[in-house]
Amino acid sequence: MQQRIPFFRFCVALLLVPAMAFSASSVGKVRQSIGDVKRQKENQKDWKDLRVGAKVYQTDFVRTGSEAVLGIDLPDGSMLNIGENTEVEMSNLFEDNGKGAYRTRLNIKKGYVDFNVKKQMEESSFEFKTGTATASIRGTSGFVGGEDGVFFASLATGKFDIQPQKGGPVMPVIAGETMFGSDSLVTMKLASSGDKRFVKKLTRIVKSSGKNVSAMMKAAQEADAAHQKELQENNFTLSTKSPVEVCNDGLTIDGSYTVSDPKATLVLKIGKSYTSENLIRVVDGKSHSFTQKIAINDANKTWNESQAEFVLKTSSVSDSKVIELKVNKTCSEVNQVQPSLKFLSYDSLNCQMQVSVGNMQDDAGILTMDIDGATSIEEAISKNEQKRIGLKPGSHTYSFSMKDQAENTVTLEKKLGCYPMKRFNVNVYGPAKEVLKIPPPPPSKDGESPIIKTLQFKIKSPENDPVFLYKVTIKQNGKVILQETLGQIQSLDYQVPVELKRDDRNHGAQNRFEIEVKHKSGFIAKAEKFFEVR
């Protein structure tokens, strides 16, 4: 087992807070979801997938497809398994009856439900309703169902009270008994009563026999005997105890099987992404051991699964056993895919950038951002998301690091500038127009000496830092005499020697100087200065 990194405790706490707050209003949790399992919420039309770990609420409507099963855990420890091709309305789920007790009622529209219901407290009720009868229980295990006007109920333990919908006396069903019928209900002692592996056979019997109770009774007796014989000859056990913690050694499950049916299959399923080959090697009716080992990790999309299911199928028996998985995502061989960081966009005016964090769905970790080597952000991440981040004014180096639970780490570095749009001025020293009275010198064979003056100005940028400037341009009478860009700009104070022109006609010469300063934000400040030589 690896040493846990201290900062991850914060991530775990962050992930638990919303789950704890949300669970208070739910009345059930999906323990098992295999195959086509859908849920329709009250006053909604859409059917959506119902997955392991999802909350189940009062008034939910659920349905399952062929070879599907939905397992639900209730707050008092009771368990429900909604069988294949079944539709159930959660009419009441742990509804407070005002007497300090609770009422639960499931309306089975078609199909069946097998259950293990804890003993109910006084004044509480737990009922299964079909179109033909209502079964009331106080604590028992078995299965109940109905379709096309035919009702059936079968108990392994405890007691049922059956009330026909058309009225009449309440009829009890006790452990080891099975009741079925339509207009009239009969009770039989069957060795397979309450065995969920027998429910499909019984469902087929009540469907194929129509409403002929005598035919149902005969078929049920024959199916019961065949089922018991099949169980003796075809079965399997798991020696690995549930739950199993999965880390760098992967998942290893040991067990044994006894099979006499040459068409029998025993496979391990993990979610929808993994199904093993047939684990049955010898078909001789004797016990044989097996060991199945697989890698559980995010690379093969199994690391987020919470259950491993073994399924045995023969010509007439289907059995399954589930092992709960506790996948340790701090283990490097489980958590194999490193996070991703991607630079998306950059806005220098609004001083913002966007980065995306990927490969973090169902994972958790810490996103860190440094500015010029100093840590600025340290944030817990538990999903794929885009982050909008404010930039610091000026040009800086932004370094990102995303580390997940198993210390898989990815980094990203960008040098970016932040230049918000702000007005500023260029202040020219002296009056806007200066008149210079400089008599012309006496004629000389060397020509006239140049007239030199200093053009002095200060750039009043809001940051008071030349790094924010893009270009400084000086023109004399429309002609560029000085231009500096970016790194060439080293100061905000300029003292530029300029040569002034004299009017040959002695009318006075205009020397117009235009100063233009462009900020990296795009803002342009301008100023002018005139020298007239007379």
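Along the sequence shown, residues carry numbers from 1. The structure presented is a predicted model; accordingly, all values stated were derived computationally and were not measured.
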request  = Identify whether the distance between the nearest side-chain nitrogen and carboxylate oxygen of K200 and E84 falls below 4.0 Å.
outcome  = yes

In terms of heavy-atom contacts, L50 and R39 come closest through CD1-NH2, 3.3 Å

#### Entry: Donor + acceptor pair across side chains of D254, S239 (<3.5 Å)
no

Note to self: Can you see whether T237 engages S256 through a side-chain donor-acceptor pair at a distance of less than 3.5 angstrom?
What the structure shows: yes

Looking at K118 and D76, is there a salt bridge between them, counting it only when a charged N and a carboxylate O are closer than 4.0 Å? no

Sorted by chain and residue number, the ring pair (Phe, Tyr, Trp, His ring centres under 6.0 Å) partners of Y398 (sequence neighbours excluded) come out as none

side-chain contact (heavy atoms from CB on, under 4.5 Å) test vs Y257 passes for just one of V283, V282, L279, namely V282

Taken in chain and number order and not counting sequence neighbours, the residues that satisfy salt bridge (Lys or Arg N to Asp or Glu O under 4.0 Å) with K387 are E379, E385

Exercise. In sequence, state the C-alpha distance, the side-chain angles, and the governing distance for S136 and D161, and then conclude on side-chain hydrogen bond (donor to acceptor under 3.5 Å, both in side chains).
Key: CA-CA 5 Å; S136 300; D161 285 329; over 6 Å; no

Practice item. May I ask you to check whether S306 and E324 show a side-chain donor-acceptor distance below 3.5 Å? Key: no

Taken in chain and number order and not counting sequence neighbours, the residues that satisfy salt bridge (Lys or Arg N to Asp or Glu O under 4.0 Å) with K119 are none

Does a donor on one side chain and an acceptor on the other come within less than 3.5 Å for D261 and N234?
no

(message) What I want to check is whether the side chains of D363 and N335 have a donor and an acceptor closer together than 3.5 Å.
(response) yes

Side-chain donor-acceptor pair present, D370, T375, cut-off under 3.5 Å:
yes

side-chain contact (heavy atoms from CB on, under 4.5 Å) filter on R63, not counting sequence neighbours, yields K38, W47, E87

Heavy-atom closest pair (E413 atom, S399 atom, distance to 0.1 Å) is OE1-OG, 3.0 Å

In terms of heavy-atom contacts, A299 and Q336 come closest through CB-OE1, 3.4 Å

Answer whether the closest heavy-atom distance between the side chains of K110 and T86 falls below 4.5 Å.
no

The salt bridge (Lys or Arg N to Asp or Glu O under 4.0 Å) partners of D284 (sequence neighbours excluded) come to none

Exercise. Does the side chain of T178 come within less than 4.5 Å of T187's, by heavy atoms?
Worked result: no

Original post:
Side chain of S242, backbone of I323: donor and acceptor closer than 3.5 Å?
Top reply: no

Test side chain to side chain donor-acceptor pair (under 3.5 Å), reference D319, set R197, K196, K313, output is R197

Is it the case that the side chains of S154 and E177 hold a donor-acceptor pair, with the cut-off being a distance below 3.5 Å and no angle test? no

Q: Mark yes or no: K414 above the aromatic ring of Y346, with NZ or CZ under 6.0 Å from the six-membered ring centre and no more than 45 degrees from the axis.
A: no

- Task: Check whether the ring centres of F310 and F290 lie less than 6.0 Å apart, and answer yes or no.
- Result: yes

Exercise. Side chains of Q165 and T134: do they bring a donor and an acceptor to under 3.5 Å?
Worked result: yes

**Asked** Is there side-chain contact between E230 and T314, with heavy atoms separated by less than 4.5 Å?
**Response** yes

Over 60° means perpendicular and under 30° means parallel, so tell me whether H227 and F198 are parallel, tilted or perpendicular. tilted

Problem - Sidechain-backbone polar pair: T132 side chain, G149 backbone, donor-acceptor under 3.5 Å - result: yes

Only residue of F115, F152, Y112 satisfying ring pair (Phe, Tyr, Trp, His ring centres under 6.0 Å) with F128 is F115

Got a list of side-chain donor-acceptor pairs under 3.5 Å for residues 264-273, not counting sequence neighbours?
| from | atom 1 | to | atom 2 | distance (Å) |
| --- | --- | --- | --- | --- |
| S273 | OG | K301 | O | 3.3 |

- Stepwise side-chain contact (heavy atoms from CB on, under 4.5 Å) check, M188 with L190: CA-CA 6 Å; M188 299 181 66; L190 299 176; 4.1 Å; yes

Shortest non-hydrogen pair, S401 vs T409, comes out as OG-CG2, 3.5 Å

Does K321, at its NZ atom, have more than 12 non-hydrogen atoms belonging to other residues, nucleotides or ligands within less than 6.0 Å? yes

